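Numbering of residues begins at 1 and proceeds along the displayed sequence. Computed from a predicted model, the values in this text were never measured in an experiment.
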Amino acid sequence: MSDQTLEKLAAVLEQRKQADPETSYVAGLYSKGLDAILKKVGEEATETVIAAKGGDTEQLVYETADLWFHTLILLAHQGVGPEKVLNELERRFGLSGLEEKASRNHS
């Protein structure tokens, strides 16, 4: 998924905030609130883990796409765009995992 794909999807998810919950899955999730969105993210994370354990690459890709999609809905609901997550990943690029973890502990 390119940055452009994330930007396009983020724009659509923002638009869905104004959509009719009766005709839009995403608008329906927004209307149900944070707990419903969190439940979906949790379900999708679990399904991703199960797919990985099952060893089916196509199923893993499918479930990961669902997880990312629902995570983007969560971010949009919280007023956070994907660029903030991408910026954080960019910040971590080149740091060892131990250095990154240490930097969080001193914040």
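- Side-chain contact between L6 and W68: absent, with no pair of heavy atoms (C-beta onward) separated by less than 4.5 Å.
- Put simply, OG1 on T71 and CD1 on I37 are 11.0 Å apart, with the number rounded to the nearest 0.5 Å.
- A donor-acceptor pair under 3.5 Å is absent between the side-chain atoms of T64 and the main chain of V61, judged by distance alone.
- Every residue two or more places apart in sequence or in another chain was checked for a salt bridge (charged side-chain N to carboxylate O under 4.0 Å, His left out) with E83, and none qualifies.
- Minimum heavy-atom separation, A27 to A19: CB-O, 3.5 Å.
- Here the CZ atom belonging to R92 is positioned 12.0 Å from the CG atom belonging to N87, to the nearest 0.5 angstrom.
- A salt bridge (Lys or Arg N to Asp or Glu O under 4.0 Å) check over residues 13-28, counting only residues at least two apart or in different chains, returns the pairs E14-K17.
- L38 and V85 fall within the same hydrophobic cluster, where Ile, Leu, Val, Met, Phe, Trp and Tyr residues are linked whenever their side-chain heavy atoms come under 4.5 Å apart, directly or through other members.
- Applying the ring-ring contact (aromatic ring centres under 6.0 Å, His included) test to pairs two or more places apart or on separate chains, those with a residue in residues 8-33 are Y25-H70.
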Please assess V41 against F69 for the test side-chain contact (heavy atoms from CB on, under 4.5 Å), listing each intermediate value before the final yes or no. CA-CA 9 Å; V41 170; F69 179 77; over 6 Å; no

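- Distance check, rounded to the nearest 0.5 Å: CG of L13 to CG of L75 gives 9.5 Å.
- We find the CD-CD1 distance between Q78 and I73 to be 13.0 Å, quoted to the nearest 0.5 Å.
- A side-chain hydrogen bond (donor to acceptor under 3.5 Å, both in side chains) check over residues 53-63, counting only residues at least two apart or in different chains, returns the pairs Q59-E63.
- Taking the side-chain hydrogen bond (donor to acceptor under 3.5 Å, both in side chains) definition, one finds that K84 meets it with nothing, sequence neighbours left out.
- Under the 4.5 Å side-chain contact rule for hydrophobic residues, L9 and L86 share a cluster.
- In this structure, CG on L60 lies 12.0 Å from CD1 on I50, to the nearest 0.5 angstrom.
- Residues L34 and L74 form a side-chain contact, since some pair of their non-hydrogen atoms from C-beta on lies under 4.5 Å apart.
- For the salt bridge (charged side-chain N to carboxylate O under 4.0 Å, His left out) test, residues two or more places apart in sequence or in another chain that qualify with E44 are K40.
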